[in-house]
Amino acid sequence: MEIKKITCIGAGYVGGPTMSVIAQKNPHIQVTVVDLNAQRIADWNQEDLSLLPVYEPGLDAVVAEARGRNLFFSTEVEKAIHEADMIFISVNTPTKTYGKGKGQAADLKFIELCARQIADVSESAKIIVEKSTIPVRTAATIKNILDHTGKGIQFHVLSNPEFLAEGTAIADLHNPDRILIGGEDADAIQALKKIYEAWVPSERVISTNLWSSELSKLVANAFLAQRVSSINSISELCEATGANVDEVAHAIGQDSRIGSKFLKASVGFGGSCFQKDLLNLVYIARSYNLHAVADYWDQVIKINDHQKSRFAEKIIQTMYNTVNGKKIAFLGWAFKKNTNDTRESAAIYVADHLLEEQANIAVFDPKVREEQIYKDLDYLATRSNDENRALLQVQEDAYAAADGAHGLAILTEWDEFKELDWAKIKSVMKKPAFIFDGRKLLDGKKLQELGFVYYAIGE
């Protein structure tokens with residue numbers, strides 16, 4: 001099957017960058033990214049590429065090359081579906097906040113709406129590619145809807161999970177470890193394979209059955225999250241025993257069977273995938289009555305939550321058991337450096353914990369906008385929106401955030417924080433000046449020489 005036109009439904013963190021690179025590497029294929037959110041599409045069409053709705057190093061150059069040539073961003077969803085030979089579904093699959101499976105299962109309503117719309121609009125055979133992170137057997141749901149509501153048109157459903165890490169998404173897309181395609185129709189698999197082989201060596205394109213492909217995505221994230229929780233659990237042991245978690249991580253990371261990646265102790269993992277995929281895995285296991293399996297993976301999330309509340313408690317204890325009325329500066333709000341994504345960021349939960357104790361927080365993040373920070377806190381509904389705005393201020397730079405602060409916490413590992421004038425920061429803070437390094441980013445020895453009281457996780 002010759003693919004001339006691709007449509008991607010969903011212009012978010014996955015759809016936007018993935019389609020930009022596919023268009024860049026396949027100039028002969030027309031790629032249209034559609035979304036009902038008109039503001040988001042307008043942002044993707046911005047002339048000023050620094051204002052794209054997703055911040056990823058290198059993305060602006062890719063968009064500059066392909067946009068207007070064979071890459072288009074549009075709100076005309078039905079037209080794009082109608083014209084496409086291949087449709088990627090890249091919509092949000094948040095954790096359910098209601099009903100059965102609340103707090104664990106993925107909410108598939110957007111996926112189902114996509115499938116119904118594709119069935120309604122289509123008049124020719126299409127390959128449907130699920131790109132969203134979804135629970136096992138979602139492809140069966142999509143296929144069922146398409147087969148029963150379509151007009152006898154042939155639809156082939158493929159699973160093509162993304163393994164992007166935010167902050168390095170463009171590098172990951174340009175040089176992926178592997179591309180995974182799950183499906184049952186050899187021709188459909190070959191058609192998608194050909195698109196990736198425009199730049200990915202064919203031995204890195206793996207095909208499996210649908211269910212293996214869907215489950216592989218969840219399991220990959222679960223294993224990575226488990227490594228983070230494992231080293232974080234050891235960080236608490238290190239603090240109690242006088243060991244240093246960095247030294248332990250380095251020692252075990254030298255073992256080739258273990259490897260050194262994802263062994264950086266921190267205030268906890270965040271992002272849109274780890275927690276959501278773990279919850280999903282737990283839910284799936286429980287739905288098959290595999291309770292021991294579910295409990296095992298559930299513990300990975302519990303350790304992550306514990307690490308965040310432990311960090312907040314450490315701040316309170318160190319500052320003489322009260323933060324009421326004290327100003328605490330937060331450097332960083334994004335869940336990790338080089339992204340403006342704040343989903344499940346540790347900063348949100350640490351802030352919430354301290355605000356419950358009536359602390360005043362001043363936040364500076366180089367890429368996260370003020371309205372996003374308030375949105376994240378308001379979403380938790382712990383207190384009124386007005387209270388959040390009264391207790392938390394967003395600042396233009398690190399020095400303004402630190403001015404008059406009793407303590408300063410590093411919540412995101414932005415490289416620029418290492419380059420700050422820490423003597424200047426000390427001069428504007430209240431004394432004793434406390435630093436709580438939740439990312440083990442700074443040189444603790446240097447800061448102690450400057451007169452800071454320095455705490456880092458796992459030391």
Is it true that T342 and D376 share a donor-acceptor pair across their side chains at a distance under 3.5 Å? yes
Verify the distance criterion only: is there a donor paired with an acceptor across the side chains of Y55 and D341 at less than 3.5 Å? no
Classify the side-chain pair S229/Q226 by whether it contains a donor and acceptor separated by less than 3.5 Å. no
If the condition is side-chain hydrogen bond (donor to acceptor under 3.5 Å, both in side chains), which residues does T168 pass it with, not counting sequence neighbours? D172
Counterpart residues, salt bridge (Lys or Arg N to Asp or Glu O under 4.0 Å), relative to R286 (two or more places apart): D295
If you measure from CG on L224 to CZ on F262, what distance do you get to the nearest 0.5 Å? 4.5 Å
Is the closest side-chain donor-acceptor distance between R204 and N175 under 3.5 Å? yes
Just checking, is any N or O donor in the side chain of S50 or D48 under 3.5 Å from an acceptor N or O on the other one? yes
Which heavy atom of A346 sits nearest a heavy atom of V267, and at what distance? CB-CG1, 3.6 Å
Looking only at heavy atoms, what is the nearest atom pair of A84 and I87, with distance? CB-CG1, 3.8 Å
Could you name each residue pair satisfying side chain to side chain donor-acceptor pair (under 3.5 Å) that touches residues 401-420, not counting sequence neighbours? K337-D415, D365-W414
For the atom pair CG (N92) and CG (L108), what is the distance rounded to the nearest 0.5 Å? 11.0 Å
Q448, CD atom: more than 12 neighbouring heavy atoms under 6.0 Å: yes
Aromatic rings F434 and F436: how do their planes relate, parallel, tilted or perpendicular, breaks at 30° and 60°? parallel
CD1/I179 to CG/N160 distance, rounded to the nearest 0.5 angstrom? 6.5 Å
Correct closest heavy-atom pair for P17 and I170 would be CB-CD1, 4.2 Å
Quick test of your reading of the model: are R389 and D378 salt-bridged, counting only N-O distances below 4.0 Å? yes
Taking the side chain as C-beta and beyond, is there a heavy-atom pair between I284 and L218 under 4.5 Å? yes
Polar side-chain atom of E387 near backbone of S384 as donor-acceptor pair, under 3.5 Å: yes
Hey, what do you get for CG (L392) to CG (N360), rounding to the nearest 0.5 Å? 9.0 Å
Taking atom types as modelled, is there a side-chain donor on Y349 or Q307 under 3.5 Å from an acceptor on the other? no
Taken to the nearest 0.5 Å, the spacing of I22 CD1 from I6 CD1 works out to 5.5 Å
Do you know which two heavy atoms are closest between F452 and M429, and how far apart they sit? CE2-SD, 3.9 Å
Under the side chain to side chain donor-acceptor pair (under 3.5 Å) definition, can you give me all pairs with a residue in residues 13-29, not counting sequence neighbours? Y13-N340, Q24-E65, Q24-H174
Please check if atom CZ in R369 has more than 12 non-hydrogen atoms from other residues, nucleotides or ligands closer than 6.0 Å. no
Suppose we screen for salt bridge (Lys or Arg N to Asp or Glu O under 4.0 Å). Which residues come up paired with R116, at least two apart in sequence or across chains? E112
Can you sort out the partners of F73 under ring pair (Phe, Tyr, Trp, His ring centres under 6.0 Å), two or more places apart, ordered by chain and number? W44
Under the ring pair (Phe, Tyr, Trp, His ring centres under 6.0 Å) rule, collect the residues that match up with W422, sequence neighbours excluded. none
Minimum heavy-atom distance between L180 and P161, given as atom pair plus value: O-CD, 3.7 Å
I'd like to know if the side chain of K336 and the backbone of E166 have a donor-acceptor N/O pair within less than 3.5 Å. yes
Is it possible for you to check whether R178 lies under 6.0 Å from the centre of the six-membered ring of F163, through NZ or CZ, and within 45° of that ring's axis? yes
Count the heavy atoms of every other residue, nucleotide or ligand shown that sit under 6.0 Å from CD of E396, and state whether that count exceeds 12. no
Do NZ/NE/NH1/NH2 and the carboxylate oxygens of E162 and K131 come within less than 4.0 Å? no
Is there a side-chain contact between L391 and I361 in this structure, where contact means two heavy atoms from C-beta onward sitting under 4.5 Å apart? no
Counting only heavy atoms from other residues, nucleotides and ligands, does the tally under 6.0 Å from NZ of K261 exceed 12? no
Mark yes or no for whether K430, through its side chain, and K326, through its backbone, hold a donor-acceptor pair below 3.5 Å. no
Test of understanding: with side-chain contact (heavy atoms from CB on, under 4.5 Å), list the residues that count as partners of K446, not counting sequence neighbours. D443
Name the atoms and distances for all side-chain donor-acceptor pairs under 3.5 Å in residues 32-42, with sequence neighbours left out.
residue: D35; atom: OD1; partner: N37; partner atom: N; Å: 2.9
residue: D35; atom: OD2; partner: A11; partner atom: N; Å: 2.9
residue: D35; atom: OD2; partner: R40; partner atom: NH1; Å: 3.3
residue: N37; atom: OD1; partner: Q39; partner atom: N; Å: 3.1
residue: N37; atom: OD1; partner: R40; partner atom: N; Å: 3.0
residue: Q39; atom: NE2; partner: D43; partner atom: OD1; Å: 2.9

For the pair E239 (side chain) and G458 (backbone), establish whether a donor and an acceptor sit closer than 3.5 Å, ignoring hydrogens and angles. yes
Distance-only, no hydrogens or angles: does the K375 side chain make a donor-acceptor pair with backbone N or O of E370 under 3.5 Å? no
State whether a side-chain donor-acceptor pair under 3.5 Å links D437 with Y454. yes
Under 4.0 Å between a Lys/Arg side-chain N and an Asp/Glu carboxylate O for E236 and R310? yes
Y98, OH: over 12 other non-hydrogen atoms inside 6.0 angstrom: yes
side-chain contact (heavy atoms from CB on, under 4.5 Å) involving A225 - partner list, sequence neighbours excluded: F269, F274, L278, V300
Working to the nearest 0.5 Å, report the span between CD1 of I81 and CD of E83. 11.0 Å
Write down the atom of D397, the atom of A400, and the distance for their closest heavy-atom approach. OD1-N, 2.7 Å
Applying salt bridge (Lys or Arg N to Asp or Glu O under 4.0 Å), name anything that partners E344, two or more places apart in sequence or on another chain. none
List for me each residue that meets ring pair (Phe, Tyr, Trp, His ring centres under 6.0 Å) alongside Y399, sequence neighbours excluded, and say none if there are none. none
